[in-house]
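Written out below as structure tokens is the structure these notes cover.
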Amino acid sequence: MPEKKIFTDSGIEIHKLYTANSEHYNPQGELPGQFPFTRGVQADMYRGKLWTMRQYAGFSTAEESNKRYHYLLSQGVMGLSVAFDLPTQIGYDSDHPLAEGEVGKVGVAIDSMEDMQELFRGIPLENVSTSMTINATGFILLALYVAVARQQGADLKKISGTIQNDILKEYAARGTYIYPPQPSMRIITDIFEWCAKELPKWNTISISGYHIREAGSTAAQELAFTLSNGKAYVKAAVERGLNINVFGKRLSFFFNAHNNLFEEIAKFRAARRMWARIMQELGATDAGAMMLRFHAQTAGSTLTAQQPLNNISRVTIQTLAAVLGGTQSLHTNGYDEALSLPTEEAARIALRTQQIVAFESGVADTADPLGGSFFVETLTNEMEYAASRIMDKIDALGGSVIAIEQGFLQNEIARSAYEFQREMEKGEKIIVGVNKFISEAKEPTPGFRVDDHIRLIQTEKLKDLKARRSSIDVRTCLQALHEKAVNGENIMPAVIEAVEHYCTLGEIADELRLVFGEYKG
């Protein structure tokens, strides 16, 4: 009888045994903190400093989200991670007709400077690192954050955090874009340029594989598509005349931590090695500009509505994958997120999962504890090979922007998602509690719901703001922004001035719609 063959979702065959003689076992003999950083970006990794424990939160109004942030900080969260509602993500104020039914639902509604002030009330921005998951309107939210920091009297040189700001993956996997690819890339390089001078500790982009994976890609595709998008951003910045050794240090990545423990660890290790060599080839000479630093989030797509308490075990495995893979920052999902926004209890358990791994498991006590493993080293090499082959195809098409415009990334993700679903429905891939080990007993799980009156609250706030602000200042600011966009000047100073004069997010986004148009897909 032929021996059963086992493959990862990326098509990498897993053998019965790995030894020093395995075909792709080729340890490099490198040390953590040394190029190409396969074993980690710091020599002592978590012995010196643990990863930043974040909890992704944001819902309803700025006032309600502010309460959750204070609660999370009181429970030991080291950094905030802000979720924005769909209208905010695609540049509509809460009173826009297209915002109906979505205000405050998947994140917090931010329409103006006043909302941003309330969101961070009582939280000194000099003392907390903030990650904002925002892309098409990332430049506006960054401007609002800077304006609040200025109002607090903060030193902008000390402000730290990240905006996701990765528009290419929106075209490929997620869909919250506004402008076409080329002007969107121009806005991103404006942010790179402005932050290099004014906000030196800010991570100007979080190049995201997370949503690519959530859309159905394999681990190898997530790695390949993310690094290819990263290359596109670097090339655009270099063409703009920016110094790769300066802006390269402020690039960060955002990866998915999925269920296959060893494949995920290999993916993270391969990512660092591949990015270091990519940056070297693009002209980087500073080691700091070659380091791939990343935030990880446990896989929302793996959470099940059936037997939701099982999700605590899934999140624990994914947490171990991220930590053993060397993440710099981590968000763990609540067990109830397949049913609703996380309750306080679910968010607390998710955070405690990170804290237990950090302080009780021992995995943080030494750098790259799986380094040298016959299996992990072989899988790391095979993951690099699989991802490199995909990247070669993208390069042959002319790079990520063209590949996305031609639908290559989208089609590859759709194909992988279909294959996974087919295997699950046929029972070839087991999902505990869904297609095997099914329980008829119902587990009552308290849900978290956002009040449908939030849109009315936000609309009234907008009406009041517009009655109090100077309409002349608003028109002047929007006209100045329009002119800078048309003339090819950096728009960030004009956007900051606009939000400080209480122009709304929707007004700023609309002004640029007049210049750049909208992407229809």
Side-chain angles (χ1 to χ4, degrees), residues 54 56-59 61-62 65-66 69 79-94 96 99 102-104 106-121 123 125 128-152 154 156 159-167 169-170 174 176-179 184 187-188 190-192 194-195 198-199 202-206 208 250 252 254 295 458 462 477 481 490-513:
R54 298 186 186 276
Y56 185 47
F59 56 89
T61 62
S65 291
N66 177 262
Y69 295 156
L80 298 176
S81 187
V82 183
F84 297 97
D85 72 358
L86 191 57
T88 302
Q89 292 181 49
I90 55 177
Y92 293 125
D93 288 333
S94 297
H96 193 285
E102 292 293 344
V103 176
V106 299
V108 62
I110 298 294
D111 293 321
S112 72
M113 174 75 167
E114 290 187 346
D115 286 332
M116 205 67 164
Q117 289 166 333
E118 188 60 42
L119 187 66
F120 292 103
R121 187 172 301 280
I123 301 173
L125 298 190
V128 66
S129 168
T130 303
S131 172
M132 295 189 283
T133 303
I134 194 74
N135 298 284
T137 54
F139 65 103
I140 305 175
L141 271 302
L142 177 60
L144 286 164
Y145 194 84
V146 167
V148 171
R150 282 178 172 174
Q151 189 183 66
Q152 290 185 357
L156 294 188
I159 296 295
S160 66
T162 305
I163 42 171
Q164 193 165 100
N165 197 30
D166 176 5
I167 200 63
K169 67 96 174 49
E170 296 296 331
R174 193 162 173 267
T176 61
Y177 44 72
I178 302 175
Y179 314 112
S184 294
I187 293 172
I188 288 170
D190 280 0
I191 294 169
F192 286 4
W194 186 83
C195 286
E198 307 293 339
L199 215 64
W202 192 266
N203 295 326
T204 50
I205 192 167
S206 179
S208 176
R250 303 271 44 105
S252 66
F254 176 23
H295 169 72
Q458 287 297 114
L462 278 166
C477 288
L481 172 62
N490 193 307
I491 65 170
M492 281 303 298
V495 177
I496 293 169
E497 185 173 5
V499 301
E500 289 181 330
H501 284 88
Y502 296 98
C503 296
T504 69
L505 175 136
E507 289 169 338
I508 293 168
D510 281 347
E511 196 64 41
L512 294 180
R513 282 182 173 99

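No experiment lies behind these values; they were computed from the predicted model shown.
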Evaluate the criterion side chain to side chain donor-acceptor pair (under 3.5 Å) for residue pair R174 and S208; output intermediate values, then yes/no. CA-CA 11 Å; R174 193 162 173 267; S208 176; over 6 Å; no
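- Residues L199 and R250 are not in side-chain contact: their nearest non-hydrogen atoms beyond the backbone lie 4.5 Å or more apart.
- Atom-to-atom distance recorded for T88:OG1 and I110:CD1 is 6.5 Å, nearest 0.5 angstrom.
- The OG atom of S206 sits 7.5 Å away from the CG atom of D166 when rounded to the nearest 0.5 Å.
- Here the straight-line distance linking atom CE of M113 with atom NE2 of H501 works out to 11.0 Å at 0.5 Å rounding.
- Across every non-hydrogen atom of I167 and S184, the tightest pair is CG2-CB, 3.8 Å.
- Residues D85 and A109 come closest through the heavy atom pair OD2-CB, 3.2 Å.
- With respect to L144, the side-chain contact (heavy atoms from CB on, under 4.5 Å) criterion is satisfied by exactly one of V499, I496, D115, T137: V499.
- Distance CD1/I159 to CZ/R150: 11.5 Å, rounded to 0.5 Å.
- The minimum heavy-atom distance linking A62 with E118 is given by the pair CB-CB, 3.9 Å.
- For the atom pair CG of D510 and SG of C503, the computed distance is 12.0 Å after rounding to the nearest 0.5 Å.
- Closest non-hydrogen pair, L505 versus P87, comes out as CD2-O, 4.4 Å.
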Chi angles and distances behind the side chain to side chain donor-acceptor pair (under 3.5 Å) call for R121, N66: CA-CA 7 Å; R121 187 172 301 280; N66 177 262; over 6 Å; no
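- For the pair I163/W202, a side-chain contact is recorded, criterion being any heavy-atom separation below 4.5 Å from C-beta on.
- For the pair M116/L141, a side-chain contact is recorded, criterion being any heavy-atom separation below 4.5 Å from C-beta on.
- In this structure, the separation between OG1 on T504 and OH on Y92 is 13.0 Å, given to the nearest 0.5 Å.
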Could you go through the side-chain contact (heavy atoms from CB on, under 4.5 Å) check for L481 and E497 one step at a time? CA-CA 9 Å; L481 172 62; E497 185 173 5; over 6 Å; no
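- Within the 3.5 Å criterion, the main-chain N or O of T176 finds a donor-acceptor partner in the side chain of E170.
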Quick one: do T61 and Q458 satisfy side-chain contact (heavy atoms from CB on, under 4.5 Å)? Show the steps, please. CA-CA 8 Å; T61 62; Q458 287 297 114; 3.9 Å; yes
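- Shortest non-hydrogen contact noted between A149 and L156 is CB-CD2, 4.0 Å.
- Cation-pi geometry between R513 and Y177 is not met: the NZ or CZ atom fails to fall both under 6.0 Å from the ring centre and inside 45° of the normal.
- The closest side-chain heavy-atom distance from Y145 to I140 is not below 4.5 Å.
- N203 places no side-chain N or O within donor-acceptor distance of the main-chain N or O of S252, the cut-off being under 3.5 Å.
- N165 has its side chain within reach of I188: a pair of non-hydrogen atoms, C-beta onward, lies under 4.5 Å apart.
- Results of the side-chain contact (heavy atoms from CB on, under 4.5 Å) test with Q164 over H295, K169, M132 single out K169 as the only residue that passes.
- Contact of the V495 side chain with the L142 side chain is not registered, since no non-hydrogen atoms from C-beta on lie closer than 4.5 Å.
- Here the side chains of V128 and F120 are not in contact, with every heavy-atom distance at 4.5 Å or above.
- Residues that satisfy the salt bridge (Lys or Arg N to Asp or Glu O under 4.0 Å) test with D93, not counting sequence neighbours, are absent from this structure.
- Side-chain contact between F84 and T133 is absent, with no heavy atoms from C-beta onward closer than 4.5 Å.
- In this structure a side-chain-to-backbone donor-acceptor pair under 3.5 Å is present from N490 to M492.
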Evaluate D111 against S94 for side chain to side chain donor-acceptor pair (under 3.5 Å), listing each step before the verdict. CA-CA 7 Å; D111 293 321; S94 297; 2.8 Å; yes
